[in-house]
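Counting from 1, the numbers follow the sequence of the chain as shown.
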Amino acid sequence: MNEKTRKLSLGIPSLDIENNIDGSIIIKNIIQPDDWPNNIIEKLIFWAQKKPKKIFLAQRNKSLSWDKLSYEETLSKVKSLSYFLLKQGLSKNNPVIILSGNDNNHALLALSCLFSKIPFSALSPAHSLYSDNLNRLENVKEILNPGFIFASNGNIFKNAILKFSLKPEKILVGKSPLPGNLVIKDIFQKYSNKKVDLAKTNGNDIAKFLFTSGSTGTPKAVIQTHRMLSSNIAMAYKAYEFLQKEPPILVDWMPWSHVAGGNKAFNLALYSGGTFYIDNGTPSEIEFIKTIRNLTDISPSWYFNVPKGYEFLIRELNNNENLSASFFKNLKILVYSGASMPTHLFKSMDKLALKYVGKKIFFSAAYGASETAPMATMPTHESNYVRNIGVPQFGTEMKLVPFGDKYEVRLKGPHITPGYWKDKVNTKKSFDNEGYFKIGDALKFKDKLNPEKGFYFDGRIAENFKLNTGTWVSVGNVRSKLLDALGGIVIDAIIVGEDQEYLSAFLIPDISFCSSLLNLNIQDSEEKILSHQILKNKILEILTSYKNNNHSKSQYIKKVVFFRDVLSKAKGEITDKGSINQIKFILNRDQLVKKLFMNQLKEIISI
């Protein structure tokens, strides 16, 4: 390990490599994770007995203090709610639906469902709060046939609640109930001290359903079995070896409707006997102030975010001594997922860490999907390179199938989904004839002769397209290189050019960085900043240099234009994690894309 990196104990894999005659490569991590429980809720029972008073969950209240729940208090409330749920006639054929975002009540209900062996599904709040997205709820209703619904606030989620047409007494809320609805605090009180036993669970039992984004079709309900949840977090616990002696402190906003937040981050705290502070902020100009307050108050030891979140965080760390001192105080590892991260962010975080603690912090790229529970690869010191996703997780098999000049990755292990609920067609299509799950991604080796050095994500196969020359474009790879070349000028980019001669891109600007680059006030109009000739010349210079280093038309960008509109969360262009859905953007704005191709937009920068 680099002597300038803060000490961190990680698990050590052992890889078995098999080269097949068809060109495919099988890479197995032959080290197995330690035994895992049949139901991850057993860990709540364990910690409630071993460390009953330790804080497990905490959320901000209106007075900005923390409402905390110990492991003992959490288990008590879970038992009360479980007693109630078991009387509702719920099952995998009519599960619980959670409409609202992360809070203590959401956590307690999800844990109660696990305790009772009643499947549940946490939906993105965007599906309920944006009128354009209510049609998504029809899809959920048709697939899951929910028998019970929870929302944090009955009034706010009224339209979504009514969409399901359930009886009022089948609706549970945190507050502001509609007529006939139940309030969760009343359930805790009414059924406190009721005796209820942990439901007998086997690994094949369904724990929950997670919905895919639907970027390449109708959203699918990914089956999450109890074996998936428990085995994957057992893998993570062994990979993050330091957690066995140092239970993590998390300050985390990642949505529980997504696998990274709801499975990995939350379950990691539960499994390890850690503490989970619910960050009520998000990586947006308005909401990130809440994250700043939370991270100034609480020092995390394990921190997870998306690239956009790190953009906001680094900007603030550079100008806020109190935040920086708190953030780096106990920090052992930084983890990111959701999109490729520009090199300048890694460099900025290294510089800050050296300033405040005298050592760099290990920075890990997380890789996986809802179908892999999610952690498909693990970080190691040997694969500690910028943007490297590591090697196959403990007990995981990776099959690499030649795909052009890269490899399509397929996976097998106890953490892989059995398929999609009520969707035999897509389930069958998602597995090859050897039982490997086709995740739909391309990977490339750091060093093919030394697989222990890890892999790099090389784009979603569905995002890739061909130029009119017939040459394939690896969108993820091109986007990553473009962001690196442009430094902090842009937050993100949408790569377009299908059936065209050259590649083009829509740039999402970082107004703060651009104004600083031009020595302008950030309060100046966006038009003044983005139309500035010095900025245009700078981008033209970068694009020209980029072309000189990437002569293939499938690699360099011929023309770009700043995207000055607002990305639509309701239409799926921006995910709950803050990353951009390239496919949705292109489908929603096909006329805008065509105008860029035809040079009909203002202020196109072209080489």
Side-chain angles (χ1 to χ4, degrees), residues 213-217 339-340 342 403-408 440-442 444 456-487 489-509 530-531 535-568 571-574 579-607:
S213 66
S215 60
T216 57
S340 179
F403 179 78
D405 61 350
K406 62 191 70 178
Y407 290 94
E408 178 199 347
D441 293 336
K444 59 182 178 182
Y456 294 102
F457 175 71
D458 204 19
R460 291 285 295 165
I461 292 172
E463 285 184 348
N464 296 341
F465 55 78
K466 287 183 179 180
L467 296 174
N468 63 9
T469 58
T471 306
W472 276 101
V473 176
S474 176
V475 170
N477 186 43
V478 171
R479 174 186 166 276
S480 180
K481 288 182 177 179
L482 178 63
L483 293 182
D484 276 352
L486 290 169
I489 292 174
V490 302
I491 295 172
D492 215 328
I494 297 95
I495 309 299
V496 294
E498 186 168 12
D499 295 329
Q500 303 297 308
E501 185 178 359
Y502 299 97
L503 292 178
S504 303
F506 290 94
L507 306 180
I508 312 298
L530 298 183
S531 299
L535 181 60
K536 291 181 180 180
N537 291 343
K538 178 68 173 176
I539 292 172
L540 186 61
E541 177 186 333
I542 291 170
L543 292 180
T544 302
S545 174
Y546 183 78
K547 178 186 176 182
N548 292 337
N549 293 317
N550 299 276
H551 297 293
S552 170
K553 291 180 180 178
S554 66
Q555 292 291 319
Y556 71 82
I557 307 294
K558 182 174 177 59
K559 55 187 173 183
V560 300
V561 67
F562 282 118
F563 179 70
R564 306 189 188 200
D565 201 349
V566 178
L567 292 164
S568 174
K571 293 181 179 179
E573 293 176 345
I574 186 165
S579 57
I580 294 174
N581 186 321
Q582 296 248 146
I583 295 174
K584 285 289 188 184
F585 179 96
I586 293 168
L587 290 175
N588 292 342
R589 303 178 188 271
D590 61 321
Q591 293 303 310
L592 185 68
V593 173
K594 288 177 182 177
K595 287 181 179 180
L596 176 57
F597 293 157
M598 299 171 67
N599 294 313
Q600 293 178 353
L601 297 178
K602 294 181 179 179
E603 303 200 52
I604 292 174
I605 304 169
S606 181
I607 56 176

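A distance of 6.0 Å separates CG in N588 from NZ in K571, rounded to the nearest 0.5 Å. How far CZ of F585 is from CD1 of I508: 6.0 Å, rounded to the nearest 0.5 Å. The distance from the CD1 atom of I542 to the CD1 atom of I557 is 13.0 Å, given to the nearest 0.5 Å. Separation of atoms CG (D458) and CG (D441) is listed at 10.0 Å; rounding is to 0.5 Å. Going from atom CD1 of I574 over to atom NZ of K584 covers 14.5 Å, rounded to the nearest 0.5 Å. Of the inter-residue distances, the one linking K558 atom NZ with F597 atom CZ reads 13.5 Å to the nearest 0.5 angstrom.
Of all heavy-atom pairs between F403 and E408, the closest is CB-N, 3.9 Å. When all heavy atoms of L535 and L530 are compared, the pair lying nearest together is CD2-CA, 4.0 Å. What you find for V478 and S554 is that their closest heavy atoms are CG2-O, 3.5 Å. Between S606 and L540, the shortest heavy-atom contact is O-CD1, 3.3 Å. Contact detail for S504 and L596: the closest heavy-atom pair is CB-CD2, 3.7 Å. When every heavy atom of D499 is checked against every heavy atom of N468, the shortest pair comes out as O-CB, 3.5 Å.
Remark: K547 NZ is loosely packed, at most 12 non-hydrogen atoms of other residues, nucleotides or ligands lying under 6.0 Å away. The 12-atom threshold is exceeded at NZ of K559, counting heavy atoms of other residues, nucleotides or ligands nearer than 6.0 Å.
Residues that satisfy the salt bridge (Lys or Arg N to Asp or Glu O under 4.0 Å) test with E541, not counting sequence neighbours, are absent from this structure. Residues satisfying the ring-ring contact (aromatic ring centres under 6.0 Å, His included) test with F465, not counting sequence neighbours, are none.
Ring geometry for F563 versus F506: interplanar angle over 60°, hence perpendicular rather than tilted (30 to 60°).
Taking the charged nitrogens against the carboxylate oxygens, R564 and E603 do have a contact shorter than 4.0 Å, which makes a salt bridge.
The shortest distance between side-chain heavy atoms of E501 and L467 does not fall below 4.5 Å. Looking at heavy atoms from C-beta onward, Y502 lies out of side-chain contact with I607 at the 4.5 angstrom threshold.
Within the structure, salt bridge (charged side-chain N to carboxylate O under 4.0 Å, His left out) pairs that include any residue of residues 587-597 comprise D565-R589, E573-R589 (at least two apart or interchain).
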Does N548 form a side-chain contact (heavy atoms from CB on, under 4.5 Å) with Y556? I'd like the steps, not just the answer. CA-CA 9 Å; N548 292 337; Y556 71 82; over 6 Å; no
Original post:
Taking it one step at a time, do R479 and Q582 satisfy side-chain contact (heavy atoms from CB on, under 4.5 Å)?
Top reply: CA-CA 11 Å; R479 174 186 166 276; Q582 296 248 146; 3.9 Å; yes
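Screening N477, T471, N549 for a side chain to side chain contact (heavy atoms under 4.5 Å, CB included) with Q555, the sole residue that qualifies is N477. Partner L507 forms a side chain to side chain contact (heavy atoms under 4.5 Å, CB included) with one of V561, I494, I489, L482 and no other, that one being L482.
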